[in-house]
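Each remark here refers to the structure printed beneath this line.
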Amino acid sequence: MSDEGLSNLLHEERTFAPSEEFVAQANGTAELFEQAEADREGFWAQKAREYLDWETDFDQVLDWSERPFAKWFLGGRLNACVNAVDRHVEAGHGDRVAIHWVGEPEDDTRDITYAELHEQVQRAANALTDLGVREGDAVMIYLPMVPEAAVAMLACARIGAPHSVVFGGFSSDALRSRIADAGSKVVITADGGYRRGKPSGLKSVVDGALEGGENPVENVLVVRRTEQDVEWTEGRDTWWHEALEAADATHEAQAFDAEHPLFILYTSGTTGKPKGIFHATGGYLLQTAYTSHVVHDIHPESDVYWCTADIGWVTGHSYIVYGPMTLGATQVMYEGTPDTPHQGRFWEIVQDKKVTILYTAPTAIRTFMKWGKEIPEKFDLSSLKLLGSVGEPINPEAWMWYREVIGGGRCPIVDTWWQTETGAIMISPIPGVTETRPGSAQHPIPGINAVVVDDMGQPVEKGSGGYLVVTDPWPSMLRGIWGDPERYQETYWSRFEDMYFAGDGAKLDEDGNIWVLGRVDDVMNVSGHRMSTAEIESALVSHPKVAEAAVVGAADETTGQAICAFVILREEAVEQADEEGEGQDLVAELRQHVAKEIGAIAKPRQIMIVAELPKTRSGKIMRRLLKDVAENREVGDVTTLADSSVMDLITQGMKEG
Ligand code: WTA
């Protein structure tokens, strides 16, 4: 964000107190802050017993002796799936709808009760066991937004097999490397999924990932969704529905250690190789349930909750599957995009399902703003009581639009800051307590200690900026990077002593509110999706015509950031391009190449072919200058460049191109 943008933000002084009506029914209260402040570990211990059923109670809350490797709820044993499903049925809520599933084709809907979910997870747990999956074996899940995705995750949790969900927009190559890293013997996928009215293949992507070369996969379970033709490898591939039908309908769940890994989720870091973030059962389940209760204010008996994220991202893990289901909530799960078949689809769903809590991303809100308020105004949104935002900074203008147009001026907004690594919400208003401020995530929630520090790790004064850090371990913190404990230590715990460095810049306003400004490392945030510049650069240079590449995230009004690449061609390719005048084709070819290497979501918005890249004397690419170009700004200070004429060449090329 530009300095000007920043100072504008910090002049934001509007506040909105929750209505008396909201306060009267709110789960979160001011006492939570006092309790957590007085005895943080005691607070979490009490919450762990309040929100979760333990087969064996824990005898130690936190072990921080091997920092930065934390252990929570030692000695405790529980089953995540039993907490998210079985116990609600046992408590007599089997008839409650767990998932109002809304497919992309309009008449395609299904309501699944907790009792039905219970049967499904038992069968799926047995089916996985029949395939030889045992405690500790990683299972890869590559599915569209169908209820089977939640069933598959919960079934894995039930048998202690960590799942690793890969977002459906990733390519065969990306899938292959994740399968290898996690060592998965089983992949759960579907024939295909719907995307803007058209079926697209998923099984074919899995087939591609398993073609040629060694891989650990022995079985592929295939959910039938689009009924498109698929290739079949006998002995390896099984239809999901056949496997579930053949499996026993009852499954006795066993409890696992609180620290047992629940899942691995790959996310982009500052190097080319994605990190397998993994989470432990007890602490993760606790913090997702607690935040679903006090931040999203879910009342399981009366609310209809809807989180619009995809299950392939952490938001889908924590706030579609584990948090709301551990509370026994009723939720909407939607398969499609916001504009299929029309731009009012989200609002139609809110109206039809009487959604009370909506959790979505700023990039979606900005898109709705662009489409115009006339669209949501056609629908009855009066069921809504709370709105949430996640994934990137929300600008005050979008916040106000969300409040007024969607929330009718009456719904509190919770701007929730967290990450794949933090597992659950960390910084957010507590909606019945906090007076909200447009654009700011405001303060750590009760039980979490986070501050903004300067370069030296000292807390900054009000009105100043710095880095966001978490100063104490928290229950749902990542337990590490799968197979790479050193990278964990190095990435998160080495920048500041004894503090978790989140990679985000932040500012404190005069009232002490935290404003998260975005990444300070080489990670981009495109429509709320994390992308690494290094990963896309390495995809580009793997193309035979590319000699060098530099990628930057340029500010974009709708998507937050957009991927812009600067590419130097190999000499043969330059000559060829000149002769055949095929510069445009080449750009298309390179974009396609990135889609193949990583996935369509990583395709650069813009690729600029340049003769040189701006480098310092020590050879480091100065991305800051490229960002200036990509954002159409006057190029900044070039005095540290080895060759200061390079930038003139690039900007000139841009004008001509
Ligand atoms: C950004 C998504 C500002 C941030 C849950 C973080 C946010 C990254 C917010 C994590 C917010 C998330 N305000 N920025 N409310 N929420 N971010 O791992 O840069 O996909 O580091 O987790 O998203 O992205 P991730």
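Atoms within each ligand, like the ligands themselves, are counted from 1 in listed order.
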When you measure from [atom] to every protein heavy atom, which one gives the shortest distance, and what is it?
| atom | result |
| --- | --- |
| atom 3 (C) of ligand 1 | Pro393 N, 3.1 Å |
| atom 21 (O) of ligand 1 | Asp504 OD2, 2.6 Å |
| atom 18 (O) of ligand 1 | Thr420 OG1, 2.6 Å |
| atom 1 (C) of ligand 1 | Gly391 O, 3.2 Å |
| atom 24 (O) of ligand 1 | Arg530 CD, 3.2 Å |
| atom 10 (C) of ligand 1 | Trp418 O, 3.7 Å |

Under a plain distance cut-off of 3.5 Å, with no hydrogens placed, do [Y] and [X] share a side-chain donor-acceptor pair?
| X | Y | answer |
| --- | --- | --- |
| Asn449 | Thr471 | no |
| Tyr284 | Ser318 | yes |
| Asp509 | Trp515 | yes |
| Tyr488 | Trp493 | yes |
| Trp417 | Asp504 | yes |
| Thr291 | Tyr319 | yes |
| Thr416 | Tyr359 | yes |

Under a 4.0 angstrom heavy-atom cut-off, which atoms of ligand 1 come close to [X]?
| X | value |
| --- | --- |
| Asn525 | 1 (C), 23 (O) |
| Val516 | 3 (C), 14 (N) |
| Val390 | 5 (C) |
| Thr315 | 5 (C) |

(request) Please say whether Ser389 places an N or O atom under 3.5 Å from an N or O atom belonging to ligand 1. (result)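 It does not: no N or O of Ser389 is found under 3.5 Å from an N or O of ligand 1.
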(request) Return yes or no for this condition: an N or O of Thr416 is under 3.5 Å from an N or O of ligand 1. (result)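 N/O-N/O distance below 3.5 Å exists for this pair.
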(message) For Thr491 and Glu421: C-alpha separation, side-chain torsions, deciding distance, then whether side-chain contact (heavy atoms from CB on, under 4.5 Å) applies.
(response) CA-CA 11 Å; Thr491 311; Glu421 292 87 341; over 6 Å; no
(request) May I ask you to identify, for Val523, whether its side chain, its backbone, both or neither come under 4.0 Å of ligand 1 on a heavy-atom basis? (result)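 Neither; no heavy atom under 4.0 Å.
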(message) Between ligand 1 and Gly503, can you find any atom pair, the residue atom being a heavy atom, that is separated by under 4.0 Å?
(response)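 The answer is no, since Gly503 has no heavy atom less than 4.0 Å from ligand 1.
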(message) Against Leu478, only a single residue in Gln419, Lys275, His279 fulfils side chain to side chain contact (heavy atoms under 4.5 Å, CB included); can you say which?
(response)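 In the set Gln419, Lys275, His279, the residue that makes a side chain to side chain contact (heavy atoms under 4.5 Å, CB included) with Leu478 is His279.
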